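Residue numbers run from 1 in the order of the sequence given. Computed from a prediction, not measured in an experiment: that's the story for all the values here. The figures here come from the full heavy-atom set of this structure, side chains too, leaving out hydrogens, waters and symmetry mates.
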Amino acid sequence: MPAAAVLRLLLGWAGISPIVPGSLRDLDAIRTADANLVDAAGAVAWIRNRLIHPPKKVGSGWPGSPALIDAWRVEMQWAELLILRLLGYQGRFGSRCIEGRAVGELEPVPWAQPHL
């Protein structure tokens, strides 16, 4: 099973969206450049594959630093959310994908049940 598919399964189990957050423009640019990359999981797997198996031609399909930073940010957020999901946390968290986020600017975890 491809890495992107495994990642999608894990994110789906946790209730975390695999869609590229709007604030991560460079990661989204990689996703839109390849019709096979449908979400952030695909883009992150593509970047991982380029780093582990670099292209033979110099300058062909190498991710730039901004895209690497975006991938790191979304992966760190996924890791934090997965740990919170394993712990059964239902509160609020600070997104790593919002650049310049103010201290205390929080949002509910994706799987939290809305208060009725």
Side-chain angles (χ1 to χ4, degrees):
M1 186 179 277
V6 174
L7 187 52
R8 280 185 205 100
L9 283 174
L10 180 61
L11 295 173
W13 164 82
I16 301 167
S17 173
I19 302 301
V20 177
S23 59
L24 303 181
R25 290 183 206 92
D26 293 293
L27 187 62
D28 196 44
I30 284 178
R31 184 197 58 78
T32 57
D34 186 335
N36 295 321
L37 304 178
V38 296
D39 55 18
V44 164
W46 182 89
I47 288 172
R48 178 251 177 224
N49 290 339
R50 286 297 183 269
L51 295 175
I52 302 301
H53 312 288
K56 294 183 188 209
K57 276 179 40 179
V58 175
S60 64
W62 193 257
S65 295
L68 293 173
I69 292 168
D70 280 358
W72 173 79
R73 288 171 66 189
V74 76
E75 290 171 295
M76 290 299 295
Q77 177 161 306
W78 289 343
E80 290 172 354
L81 286 172
L82 288 166
I83 291 169
L84 292 174
R85 180 71 169 113
L86 285 169
L87 295 173
Y89 181 74
Q90 294 290 322
R92 300 171 69 76
F93 80 105
S95 174
R96 286 188 171 269
C97 295
I98 300 172
E99 194 167 336
R101 178 181 59 83
V103 174
E105 187 178 338
L106 305 174
E107 57 190 78
V109 291
W111 57 88
Q113 299 296 319
H115 292 90
L116 302 173

Might you point out which heavy atoms bring L106 and G94 nearest each other, and give the distance in Å? CD2-N, 3.5 Å
Same hydrophobic cluster for W72 and I47, using side-chain heavy-atom links shorter than 4.5 Å among ILVMFWY? no
d(L11 CG, D39 CG) to nearest 0.5 Å is 8.5 Å
Show the nearest heavy-atom pair for residues C97 and P21, with the distance to one decimal. SG-CG, 3.9 Å
Ignoring hydrogens, what is the shortest heavy-atom contact between L24 and V74? Give both atom names and the distance. CD1-CB, 3.8 Å
Should L10 and Y89 be regarded as members of a common hydrophobic cluster, given that ILVMFWY residues are connected when their side-chain heavy atoms come within less than 4.5 Å of each other, either directly or indirectly? yes
If you look at every heavy atom in R8 and V38, which pair is closest and at what distance? NH2-CG2, 3.7 Å
Report yes if some heavy atom in the side chain of L37 is under 4.5 Å from a heavy atom in the side chain of I30; otherwise report no. yes
For a 4.5 angstrom cut-off between non-hydrogen side-chain atoms, does P18 reach L7? no
What distance separates L81 CG from W111 CH2, expressed to the nearest 0.5 Å? 5.0 Å
Atom CD1 of I16 and atom CD of E80: how far apart are they, to the nearest 0.5 Å? 10.5 Å
Salt-bridge present (D28, R25; N to O < 4.0 Å): no
Check A14 against R85 and note the closest heavy-atom contact, atom names and distance. O-NE, 3.4 Å
Between N36 and D34, the two heavy atoms sitting closest are N-OD1, 2.8 Å
Apply side chain to side chain contact (heavy atoms under 4.5 Å, CB included) to residues T32 and V20 and explain how you reach the verdict. CA-CA 10 Å; T32 57; V20 177; over 6 Å; no
How many angstroms lie between CH2 in W78 and CZ in R96, if you round to the nearest 0.5 Å? 14.0 Å
Nearest 0.5 Å, what's the CG-CH2 distance between L51 and W46? 9.0 Å
With rounding to the nearest 0.5 Å, note down the distance linking CZ in R73 to CG in L68. 13.0 Å
Hey, does H53 have a side-chain heavy atom less than 4.5 Å from the side chain of R48? yes
